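Have a look at the structure below before the remarks.
Bear in mind the structure is a predicted one, so any value in this text is a computation, not a measurement.
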Amino acid sequence: MTKIEAVIQNSKLEAVKTALHEIGVEGMTVLEVRGHGRQKGHTEVYRGREYSVDLIPKTKIEMVLPDNMVEKAEQAILNAARTGKIGDGKIFRSRVDEAIRIRNDERGEGAL
């Protein structure tokens with residue numbers, strides 16, 4: 001099993017969710033997060049005053065998938081979230097040793 005964490009622009013959440021559902025991804029956790037990458041935020045103007053936004057609001061999607069779904073899920077996220085501009089986000093992949101459904105003790109991929 002593999003855990004995929006994708007940090008994307010807030011405006012791309014619905015497109016990414018739709019793309020993932022179309023390839024058969026059934027479960028995910030979505031979090032509102034704030035952060036920045038190499039661009040270190042940006043500057044905005046409000047009522048004539050300039051201020052810096054260091055931590056930019058983003059959306060983080062987490063899901064644990066069977067290994068045979070990982071490549072398709074990553075490609076779906078890339079296609080749906082990409083604008084080609086700075087701040088499109090990142091995808092992180094990591095191994096998961098075990099999943100346990102709390103309700104009935106089911107383990108492994110069946111618990112996903």
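Hydrophobic cluster membership of V64, counting Ile, Leu, Val, Met, Phe, Trp and Tyr whose side-chain heavy atoms lie under 4.5 Å apart directly or via other members: M1, V96, L112.
With sequence neighbours left out, the side-chain hydrogen bond (donor to acceptor under 3.5 Å, both in side chains) criterion links E109 to no other residue. By the salt bridge (charged side-chain N to carboxylate O under 4.0 Å, His left out) test, E98 is found to be paired with no residue, residues two or more places apart in sequence or in another chain being considered. In terms of the side-chain hydrogen bond (donor to acceptor under 3.5 Å, both in side chains) criterion, residue partners of R95 (sequence neighbours excluded) are, by chain and number, T2, D67.
Following chains of ILVMFWY side-chain contacts shorter than 4.5 Å, one can reach V53 starting from Y46, so the two form part of one hydrophobic cluster. No path of Ile, Leu, Val, Met, Phe, Trp and Tyr side chains, each step under 4.5 Å between heavy atoms, connects L13 with I56, placing them in separate hydrophobic clusters.
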Give every donor-acceptor pair under 3.5 Å between a side-chain atom in residues 20-32 and any protein atom, sequence neighbours left out.
none

Kindly list each side-chain donor-acceptor pair under 3.5 angstrom involving residues 80-91, sequence neighbours excluded, with atom names and distances?
| unit_1 | atom_1 | unit_2 | atom_2 | d |
| --- | --- | --- | --- | --- |
| T83 | OG1 | K85 | N | 3.2 |
| T83 | OG1 | D88 | OD1 | 2.4 |
| T83 | OG1 | D88 | OD2 | 3.3 |
| D88 | OD1 | Q9 | NE2 | 3.1 |
| D88 | OD1 | T83 | N | 3.4 |
| D88 | OD2 | T83 | N | 2.8 |
| D88 | OD2 | G84 | N | 2.8 |

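No side-chain heavy atom of K72 sits under 4.5 Å from any side-chain heavy atom of Q75. Using a 4.5 Å heavy-atom cutoff, the side chains of I77 and I61 are not in contact.
Not one N or O on the side chain of R34 forms a donor-acceptor pair closer than 3.5 Å with the backbone of D54.
Other residues, nucleotides and ligands contribute at most 12 non-hydrogen atoms within 6.0 Å of the CD1 atom of I102.
Here the closest non-hydrogen pair linking V45 and Y51 is C-CE2, 4.2 Å.
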